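First up is the structure itself, then whatever we jot down about it.
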Amino acid sequence: MRIALLQINPTVGDLAGNAGLIAEAAREAGRQGANLAVTPELALVGYLPRDLLLSHGFIRRSWDVLADLSRELAGAPPVLVGLAEPNPSDEGRPLYNAAVLLRAGRVDQRFRKALLPTYDVFDEDRYFEPYRGPQILDLGGRRLGVSICEDIWNDRDFWKRRRYHHDPVEELVGAGADAIVNLSASPFSVGKHRRREEMLGAMARKHRVPVVYVNQVGGNDDLVFDGRSSAFNAEGAPIARGRSFDTDVVICDVAGGRPIAPASDLAAESEIWRALVLGTRDYVRKCGFKSAVLGLSGGVDSALTAAIAAEALGPERVLGVLMPSPYSSRGSIDDGVRLAANLGMPTITLPIEPAMQVMEQTLHDAFAGAARDVTEENIQARIRGSLLMALSNKRGALLLTTGNKSELAVGYCTLYGDMSGGLAVIADVPKTEVYRVCRWLNETRGRDVIPDAVLTKAPSAELRPNQTDQDSLPPYEILDDILRRHIEQHQPAEEIVAGGFDRATVQRVLRLVRAAEFKRKQAAPGLKVTDRAFGTGWRMPIAARLNLEEEHVTPA
């Protein structure tokens, strides 16, 4: 039994385009002698389709396209295609998350998802009815147990705490399945693939059946999918693996496949770089842009964002904008110019001092008697944001914001200033990780893509004389550790303090995180690379009162 894993890059809502990708990959699977081809989860409609699933017309059109696809693939091997299926019952949710078998030019057997995740970025219970009971595909003398994504993530022996009360894989094996096939759309996060392969291998070994897993690849909104479709033999050893962060058609022999080496491309910096390049490229392409623009401050965040954009789009399609003020150091200006030269990017320079003077004159009477404070600093950021948005509008280019996760967490960013834009490329990358990815990039390229001065100088917003980030924040090594414990590990203040951190610092950081919630609600979408990002899966209230010491935080 040769099964082809169709690791494609679908676009949400593009029914005709996605059908074309499926058809092309299925025909390639046929040329390679596959007995069955399998797409990722909801491949025909794209994942995550979100409230497109509430449109009856969209669902109806997807089935019309499926019927056309079945006829087009009449000469190809059978294909399992993921899409949303209307629920014929007058009770429950209106849809099933389904896989449909296309065979001999017709729409054949249907299979439905059992476990519907509602954590992190997922909200499938909003749309889909869960299905209970084993679903077997008899093909070529084998009994294939068909499952969809979350159905394989509930093994009682692998996880300390299970989210669901039953295990669909256990039910499939009990019904006589001699192999498990899983259609997935599993979003990327750093380190997830290692856990995924450990889980799949343990499952195959436990039940003594091969496990075949197909994952989509590409970026859709804030989510990036890493591909790496894989297959495991009945001993739990990997026998096939798709490319990472790229499309692929993977042929696996569930009976006679030989073990292959473990994945070797799991270094965090490498994964983050490739995920952000793919996510940026697909966001620009799928939103219909041809080019991008961003501000170059001479700092490490804009440097990494520029390098990612240049890699994703080609440097000639990324415009770097230098916007020096009277507080900008000569070194920062030179570093921005040097970075652009290293990347081969075009640049323009727009000094903001004239606009600062006009703003100061305009507000002179209104600000009479008030001391200079963060207001004047934020005006500079908003001038820069207005200039960048003007260039974005005039050129039809996507504006990329350059803020990192540490800044976004504690509100060290300005609404309608440096937060202006259409995509926040590194919004889920902590500041300390930004430095590590930059150094990794220089090492792998064998040259200073990111100028050494950018990596060694003290980080600064340069909005007042001699300013550094540490005037306002704890050292980033401490800040990022506190944030990781609080945001990704859900540790309360007392637990973080018990980990060896100063109590006053912890309380201050947590207050800043809480006070910045209103900013994050207005931020550009950011590409998710950690287990918990400030995006689809972050669902905190703005107007709330928590048990923290009262402290006045000036909104920016």
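Treat the numbers as computed from the prediction; the structure is a model and nothing was measured. For this chain, numbers begin at 1 and follow the sequence in order.
R126 places no side-chain N or O within donor-acceptor distance of the main-chain N or O of T118, the cut-off being under 3.5 Å. Judged purely by atom type and a 3.5 angstrom limit, D448 has no side-chain atom pairing as donor or acceptor with the backbone of P451. A distance-only check finds a donor-acceptor pair linking the side chain of S420 to the backbone of Y416 [under 3.5 Å]. K519 contributes no side-chain N or O that, together with a main-chain N or O of T414, makes up a donor-acceptor pair within less than 3.5 Å. Looking only at distances, no side-chain donor or acceptor of K206 sits under 3.5 Å from a matching main-chain atom of R208. Panel note: side chain Q7, backbone D246; a donor-acceptor pair is recorded below 3.5 Å. Between the E129 side chain and the R93 main chain, a donor and an acceptor come within less than 3.5 Å of each other. In this structure, N404 contributes its side chain and A427 its backbone to no donor-acceptor pair below 3.5 Å. The backbone N or O of R532 sits less than 3.5 Å from a side-chain atom of T530, completing a donor-acceptor pair. Formation of a donor-acceptor pair under 3.5 Å by the R484 side chain with backbone atoms of Q489 is not found in this model.
In this structure, the ring of F245 has its center less than 6.0 angstrom from the ring center of F188.
Residue-environment remark: NE2 (H165) stays at or below the threshold of 12 foreign heavy atoms within 6.0 Å. Shown here is R194, whose CZ atom has no more than 12 heavy atoms of other residues, nucleotides or ligands within 6.0 Å.
Between P168 and S147, every side-chain heavy-atom pair lies at or beyond the 4.5 Å cut-off. Within the 4.5 Å cutoff, the side chain of Y435 has heavy atoms near those of the P459 side chain. Two residues are said to be in side-chain contact when any heavy atoms from C-beta on lie closer than 4.5 Å; V169 and M203 meet this criterion. In this structure, E517 and P541 have side chains that are not in contact, with every pair of non-hydrogen atoms separated by 4.5 Å or more. Residues V506 and L510 meet the side-chain proximity criterion, which asks for heavy atoms closer than 4.5 Å. Looking at heavy atoms from C-beta onward, K431 lies in side-chain contact with V300 at the 4.5 angstrom threshold. Residues K528 and S189 form a side-chain contact, since some pair of their non-hydrogen atoms from C-beta on lies under 4.5 Å apart. Within the 4.5 Å cutoff, side-chain heavy atoms of L115 are placed close to those of N154.
Residues S406 and D480 have side chains that bring a donor and an acceptor to within less than 3.5 angstrom of each other. Counted by atom type alone, Q470 and Y476 present zero donor-acceptor pairs between their side chains at under 3.5 Å. Checking N9 against D282 by side-chain atom types alone, a donor-acceptor pair falls below 3.5 Å.
Taking CG of D167 as the start and CZ of F158 as the end, the distance is 13.0 Å to the nearest 0.5 Å. Note that CG of D221 and OG1 of T536 are 7.0 Å apart. Values are rounded to the nearest 0.5 Å. Atom CD of residue E443 and atom SG of residue C438 lie 11.5 Å apart, to the nearest 0.5 angstrom. Distance check: R508 CZ to L512 CG gives 5.5 Å after rounding to the nearest 0.5 Å. Remark: D51 CG to Y127 OH distance equals 3.5 Å, nearest 0.5 Å. One distance of note links CD of E124 with CG of L48; it measures 7.5 Å at 0.5 Å rounding.
When each of L183, D151, I148 is tested with N97 by the rule side chain to side chain contact (heavy atoms under 4.5 Å, CB included), just one qualifies, namely I148.
Y47 and F225 have perpendicular rings, their planes meeting at more than 60° on a 0 to 90° scale where under 30° would count as parallel.
Taking the centre and axis of the six-membered ring of Y119, the NZ or CZ atom of R163 falls inside the cone set by 45° and 6.0 Å. Figure legend: cation-pi geometry between K192 and W153, with NZ or CZ positioned under 6.0 Å from the six-membered ring centre and within 45° of its axis. Geometric assessment of R112 against the ring of Y96 yields a positive cation-pi assignment under the 6.0 Å and 45° thresholds.
Contact record, A307 with I450: CB-CD1, 4.2 Å, taken as the closest heavy-atom pair. The minimum heavy-atom distance linking E41 with A185 is given by the pair OE1-N, 3.3 Å.
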Exercise for review: Just do the salt bridge (charged side-chain N to carboxylate O under 4.0 Å, His left out) check on R195 and E198 with the steps written out, would you?
Suggested key: CA-CA 5 Å; R195 298 196 306 273; E198 289 172 354; over 6 Å; no

